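These notes concern the structure reproduced below.
Counting starts at 1 for both ligands and their atoms, in listed order. Being a predicted model, the structure only gives us computed values, none of them experimental. Residues: numbered from 1 along the sequence shown.
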Amino acid sequence: MSNSPMQAVRGMNDILPDEAGLWLWFEEVVRDWLEGYGYRNIRMPLLEQTALFKRAIGEVTDIVEKEMYSFEDSLNGDQLTLRPEGTASCVRAALQHNLLYNAPQRLWYAGPMFRHERPQKGRYRQFHQIGVEALGFAGPDIDAEQIVMCARLWKRLGIRDVGLQLNSLGDAASRQRHREKLIAYFEQHKDVLDADAQRRLYSNPLRILDSKNPAMQELVNTAPQLMNELEGDAIRHFEAVQSILQRHGIAFEINPRLVRGLDYYNRTVFEWVTTRLGAQGTICAGGRFDGLIGQIGGKPAPACGFAMGIERLLALLQDDGMSPPAAALHVYLVHQGEAADALASGVAETLRDAGLKVALHCGGGSFKAQMKKADGSGAACAVIIGDDEAVAHTATLKPLRGGGEQQRVAVAELPQRIGELIK
Ligand code: ATP
Ligand code: MG
């Protein structure tokens, strides 16, 4: 693989203008949807101290063991990491600025995340997430609300064929009991464990359940289930989440193997999965993380949240034939001659004052060449100013889409006439 300075870093994509339209549209929909549930935006730096992610995500996880872009700051020796996910940074920011002091917080963020994975369709080294975190909320109502809100977004985006998988990871005591049973079980089948699993057997056996290795699937499928270890409160919590979902008519499948790739989860965990993106079918994932805030140094408080992968979501939309909304340029302004050139940029500003989107031709050239640019620009009409027009303070207005005659219009009347043309 080439590492020419003229190529983007492997696994990191440019989003070109033709595609960026879809991103902008998506971001607008998402923002409106989040505001509809009272979530407020927060923006964190892309770089954090490496120790934050180790503490939050867990030392023995794929992310921390092999996916982080970590380096030493050559100026002061700090160990830094490009964020592989947003929850740790969001909680860090909330604690640092005392946001949880007297009220719980519904927060969301969007932006790039970095993981050193093997790039393939739906799996990149820089990818983008929308993250949603409810910090300081204990009840099953908020877990369920977050799932209900996802369902609303899928509907709003016209996404079908996405199913909800649900599990409960219980609380610390049940996880401890389950851990012991898991270790005993895997010890009996050591010959089937791959190298990763062997290494994790005593440090983080739960992670083995997350294995994608086909040779281990049978072993993993018949492993002791955490679900059988749940205690009263956790059971009631999980049942309450399910009954709220049922009330909302949201179908789900309980998947006892769903353990998530990060250590901070407890109780409710969920993933929205489609079969249409090959192996990279999880478009959204999350759950409850009651221990995390205390674990990274805050006054303990319950929380839950989720993140969705924008590339995977947009791939699904594109698979459905969704194309970016057409470019919205209203006017391409063509001008030639000394008087015309002097008038044109002022006219363009006046049209923008009226709320129109205007590309002013720059760089000169013949009328014919400029009209070709106008045609290619996607604008609804061309405004043409030659010296004749300029002297009379007029312009020629020429519709570029859907026919219609060109007409000579006083400059002062242009906004109104263009408005009639594009409505
Ligand atoms: P996977 O099992 O696919 O590796 P994950 O459990 O590591 O996913 P999370 O950390 O839960 O992923 O991130 C939430 C979402 O972000 C995922 O469901 C997915 O949509 C997206 N995502 C995660 N990693 C990548 C990646 N490398 N490239 C593109 N999207 C990703
Ligand atoms: Mg992963």
Side-chain angles (χ1 to χ4, degrees), residues 8-13 15 19 23 26 30 53 56-58 60-69 81-91 108-133 146-147 150 153-154 157 159 161-167 169 196 200 204 206-213 217 220 255 257-266 268-289 292 304-319:
V9 174
R10 185 162 135 79
M12 306 203 176
N13 300 315
I15 298 157
E19 205 193 336
W23 283 70
F26 173 76
V30 161
F53 299 117
I57 298 168
V60 192
T61 55
D62 278 350
I63 293 179
V64 171
E65 280 183 335
K66 48 192 182 201
E67 295 175 359
M68 296 206 303
Y69 283 90
T81 292
L82 275 169
R83 65 181 187 192
E85 56 103 57
T87 304
S89 317
C90 180
V91 169
W108 72 275
Y109 49 83
M113 306 294 161
F114 303 85
R115 297 186 193 177
H116 201 283
E117 306 200 65
R118 191 170 68 78
Q120 52 199 292
K121 186 167 180 276
R123 191 175 293 287
Y124 309 104
R125 291 182 173 173
Q126 174 174 318
F127 63 99
H128 297 76
Q129 285 184 339
I130 307 283
V132 177
E133 319 284 4
Q146 290 191 336
I147 293 171
C150 291
L153 182 63
W154 310 152
L157 294 170
I159 290 180
D161 309 331
V162 54
L164 174 63
Q165 306 217 338
L166 202 60
N167 192 19
L169 300 182
D196 263 354
R200 289 171 174 179
N204 199 345
L206 192 68
R207 289 274 73 79
I208 301 176
L209 297 181
D210 206 25
S211 166
K212 312 242 160 36
N213 182 351
Q217 294 311 300
V220 162
N255 175 0
R257 276 194 55 190
L258 183 66
V259 295
R260 310 284 305 110
L262 303 84
D263 275 355
Y264 50 60
Y265 288 106
N266 70 312
T268 319
V269 287
F270 64 88
E271 289 193 2
W272 290 93
V273 186
T274 167
T275 51
R276 279 172 43 206
L277 297 174
Q280 273 57 251
T282 303
I283 56 168
C284 175
R288 181 157 280 285
F289 47 93
L292 181 65
C304 84
F306 62 92
M308 52 195 159
I310 303 183
E311 283 82 355
R312 292 186 194 176
L313 266 166
L314 295 187
L316 209 52
L317 291 179
Q318 278 164 330
D319 194 50

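Remark: K66 engages D196 in a salt bridge, criterion side-chain N to carboxylate O under 4.0 Å.
At under 3.5 Å, a nitrogen or oxygen of Y124, whether backbone or side chain, sits near a nitrogen or oxygen of ligand 1.
The two residues V269 and L258 make their nearest non-hydrogen contact at CG2-O, 3.7 Å. Scanning all heavy atoms of the two residues, the minimum distance from F270 to L164 falls at CB-CD1, 3.9 Å.
Remark: side-chain polar atoms of N13 are not paired, donor with acceptor, to backbone N or O of I15 under 3.5 angstrom. Side-chain atoms of R312 come within 3.5 Å of backbone atoms of T282 as a donor-acceptor pair (strictly under, hydrogens ignored).
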Practice task
Any chance you could lay out the salt bridge (charged side-chain N to carboxylate O under 4.0 Å, His left out) test for E65 and R200, step after step, and finish with the verdict?
Solution key: CA-CA 11 Å; E65 280 183 335; R200 289 171 174 179; 2.7 Å; yes

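Between the choices R123, M113, Q280, E67, the shortest heavy-atom distance to atom 1 (P) of ligand 1 belongs to R123. Across G122, A285, G309, heavy-atom proximity to atom 29 (C) of ligand 1 is greatest for G122. Of the options R115, E271, E85, E311, the smallest heavy-atom separation from atom 7 (O) of ligand 1 is shown by R115.
At a heavy-atom distance under 4.0 Å, no atom of L313 approaches ligand 1. When heavy-atom distances to ligand 1 are checked against a 4.0 Å cut-off, K212 comes that close only through its side chain, counted from C-beta outward.
Remark: ligand 1 atoms within the under-4.0 Å shell around heavy atoms of Q129 are 13 (O), 14 (C), 15 (C), 16 (O). Here is the list of ligand 1 atoms found below 4.0 Å of a heavy atom in A307: 14 (C), 15 (C). If you number the atoms of ligand 1 from 1 as listed, the ones under 4.0 Å from a heavy atom of T282 come out as 17 (C), 18 (O), 19 (C), 20 (O).
H116 and Y69 have tilted rings, their planes meeting at an angle from 30° to 60° on a 0 to 90° scale.
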